[in-house]
Every structure is written in C-alpha cells, then in structure tokens.
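Since the structure comes first, as structure tokens, the remarks are kept for the end.
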Amino acid sequence: LLCDTPALLADTNGQQFWSQILACAVKIVISPDSHLTGVSAEDNDNDAEIGYDASFSLLHFAKRPAVDPFPEVQDAGASLAKSMQTICASHPGVFAPLIQQGLSVDPKLSAGFESLCQKSGVYLA
C-alpha cells in the first residue's frame, strides 16, 4: 500500500505521513521480535481454567490454523525493498529525500533498510 498510493504525496502532510509509515514498516520488517504471523494459541496463557469439561477442553486446546493474508509474499523485507525500487525508478528524485527523512529518526532503521536492500539486491537511486 505504501508504494501504491502516490496520491498521498500530493501535499507536505501526506509526505510526512508517508515517511513515518515507511519508518514503521521498516521497523516491523527488520525487528528480530517480529514474526509477521501474529500471536499463536500457545503464546496466550492468560486464560484461567475452571473445572473440566471434555468437549470444552478439546475445543479450548485445539490449534487454529495459521492464515497467511498474503500468501504470494514469501519475504516481506525483500518485497518492501523491491517495491521501493520500483517506485523510486518511476519517480526519480522524489522518493530518495522522503526515505532519508523517514529513516533519519533512528540510525538502526537506516542501517537495517540498507542491509535489507543489499540482501534483496536492490539499489535505490
């Protein structure tokens, strides 16, 4: 969505939002804590058990199948980097300053985005 909404860049507020959204997306993608799959049923141990009921127990402890909302995206980081390459190539000189603006907030974001681009074989001009 970030690379498919050029109307967002029509004014300076939209450009600031775009830069902040990019920073958030990069933070999510490069975060070692992010699994991009959500919370599993095993991780939720806040439930208190009160008594025993066989049918309820079977349903309570049954695992839900993980549903991938974007099955065509195998690597979210590579997909983000390639989308950024495409949008930068289609609008030369427009997105480089916005990328720098969004990622300059945290040096880890900038370094992480650079390594993400290198891993994906992407060069942004």
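Contact of the Ile99 side chain with the Trp18 side chain is registered, since non-hydrogen atoms from C-beta on lie closer than 4.5 Å. For the pair Leu116/Val26, no side-chain contact is recorded, criterion being any heavy-atom separation below 4.5 Å from C-beta on. Counting heavy atoms from C-beta outward, Lys27 and Lys108 have side chains that stay 4.5 Å or more apart.
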Yes or no on side chain to side chain contact (heavy atoms under 4.5 Å, CB included) for Cys117 and Leu124, after CA distance, side-chain angles and deciding distance?
CA-CA 8 Å; Cys117 289; Leu124 301 178; 4.1 Å; yes
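Between Gln85 and Val122, the shortest heavy-atom distance links the atoms CB-CG1, 3.4 Å. Scanning both residues, Gly77 and Ser120, for their nearest heavy atoms gives O-OG, 4.3 Å.
Side-chain heavy atoms closer than 4.5 Å link hydrophobic residues (I, L, V, M, F, W, Y) into clusters, and following such links, even through other members, never connects Phe17 to Leu9. In terms of hydrophobic clustering, with Ile, Leu, Val, Met, Phe, Trp and Tyr side chains grouped at heavy-atom distances under 4.5 Å, Leu22 and Val105 are assigned to different clusters. At a threshold of 4.5 Å between side-chain heavy atoms, the hydrophobic network of Ile, Leu, Val, Met, Phe, Trp and Tyr places Phe95 and Leu2 in one connected group. Hydrophobic clustering places Phe113 together with Val94 (ILVMFWY residues linked when any side-chain heavy atoms are closer than 4.5 Å, directly or through intermediates).
If you take CG on Asp68 and CD on Gln74, they are separated by 8.0 Å, rounding to the nearest 0.5 Å. Between the CG atom in Asp11 and the CD atom in Gln16 there is a gap of 9.0 Å [rounded to 0.5 Å]. Note that CG of Leu80 is 12.0 Å distant from NZ of Lys82, once rounded to the nearest 0.5 Å.
In terms of modelled atom types and a separation under 3.5 Å, the side chain of Ser31 and the main chain of Ile28 share no donor-acceptor contact. In this structure a side-chain-to-backbone donor-acceptor pair under 3.5 Å is present from Ser83 to Ser79. Panel note: side chain Ser19, backbone Leu98; a donor-acceptor pair is recorded below 3.5 Å. With hydrogens and angles ignored, the 3.5 Å screen pairs a side-chain donor or acceptor of Ser115 with a backbone N or O of Gly112.
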